[in-house]
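Notes follow once the structure below has been shown.
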Amino acid sequence: MVKEGVLHAHIRKLSPYPAAYCHQEQAFRAIHAGQPTLVATGTGSGKTESFLFPIISRCLQLRDDDAPAGIIAVIVYPMNALANDQLKRLRTLLAGTDITFGRYTGDTETKPDEAMNKWKGENPGQKKLPNELISREAIRENPPNILLTNYSMLEYLLLRPEDAPLFGSAFGTSWRHIAIDEAHIYSGALGTEIAY
């Protein structure tokens, strides 16, 4: 898939698998082609990589092409605990790359100093990566390539005047992906709201 241009060559270094599972390959190809994609398979079968690797691949390609900065992908989680777990995974995958990422939830501090103090408390003994944005001010000033959030915060981000530029103007030119993790959780009225 790297030779075909479906995935960026750097993905080889990130993948813990010697080869992709069938459902992963199908997802990689569909996402690369810009098709809406649903991945439904068992626990521990690499669902997250099915959408995360194509997103990272796209970010790497845009980086190589000197594309304008801004959000390329939004990953929506039903709860902050899942977003926090994904954040740890992104730290490992994106170390040493210029791909920026950040979490914007109700727990995200506004000011950089407050955010750094909180980050140190949550990650004792670790060093913050330069490409991880941890405060609302930093995210608003220079939107990350990959934004992690939850569905209620995403609604605020789309409505609040101070956050609306994240998805518009110069910052919105490369925006391509929205991944809704654990989509089976959204049903009834909430599912309808998320669909909109």
Q.
How long is the straight-line distance from OG of Ser50 back to CG of Leu38, given to the nearest 0.5 Å?
A. 10.5 Å
Q. Taking Lys111 for the side chain and Ser135 for the main chain, is one N or O donor matched with an acceptor at less than 3.5 Å?
A. no
Q. Is there a donor-acceptor pair under 3.5 Å between the side chain of Lys47 and the backbone N or O of Val39?
A. no
Q: Not counting sequence neighbours, which residues clear side-chain hydrogen bond (donor to acceptor under 3.5 Å, both in side chains) with His8? List them please.
A: Asp64
Q. With a 4.5 Å limit on heavy-atom distance, are the side chains of Leu148 and Leu87 in contact?
A. yes
Q: Could you tell me which residues satisfy salt bridge (Lys or Arg N to Asp or Glu O under 4.0 Å) with Arg12, sequence neighbours excluded, listed by chain and number?
A: none
Q: Would you please indicate yes or no on a ring centroid separation below 6.0 angstrom for Tyr151 and Tyr77?
A: no
Q. Quick check: does any side chain N or O of Lys120 sit under 3.5 Å from a backbone N or O of Lys127, one acting as donor and the other as acceptor?
A. no
Q | His32 and Pro54, any side-chain heavy atoms less than 4.5 Å apart | A | no
Q) Ion pair present between Glu25 and Arg29, side-chain N to carboxylate O less than 4.0 angstrom? A) yes
Q.
Quick check on side-chain hydrogen bond (donor to acceptor under 3.5 Å, both in side chains): which of Thr149, Asn84, Asn150 does Arg103 satisfy it with?
A. Asn84
Q. Does Asp181 reach the main-chain N or O of Val76 with its side chain, forming a donor-acceptor pair under 3.5 Å?
A. no
Q: Using a cut-off of 6.0 Å, state whether more than 12 heavy atoms not belonging to Asp113 lie near its atom CG.
A: no
Q | Ser152 OG to Glu193 CD distance, which is reported to the nearest 0.5 Å | A | 9.5 Å
Q: In plain terms, say whether Glu109 and Arg136 are close enough for a salt bridge, that is, a side-chain N and a carboxylate O under 4.0 Å apart.
A: no
Q. What's the spacing between Tyr196 OH and Glu155 CD if we round to 0.5 Å?
A. 13.5 Å
Q: Might you point out which heavy atoms bring Leu166 and Arg140 nearest each other, and give the distance in Å?
A: CD2-CA, 4.0 Å
Q | Distance in Å, Leu147 CG paired with His177 NE2, rounded so as to fall on 0.5 Å steps | A | 14.0 Å
Q | Whether Thr100 side chain and Asn145 backbone form a donor-acceptor pair below 3.5 Å | A | yes
Q: Answer whether the closest heavy-atom distance between the side chains of Glu132 and Leu90 falls below 4.5 Å.
A: no
Q.
Please check this pair: side chain of Gln24 against backbone of Tyr21, looking for a donor-acceptor N/O pair closer than 3.5 Å.
A. yes
Q | Side-chain heavy-atom pair Val74, Ile146 within 4.5 angstrom cut-off | A | no
(Q) A side-chain contact here means heavy atoms from C-beta on lying under 4.5 Å apart; do Leu93 and Leu52 qualify? (A) yes
(Q) Between Arg89 and Glu49, does any NZ, NE, NH1 or NH2 come within less than 4.0 Å of an OD or OE carboxylate oxygen? (A) yes
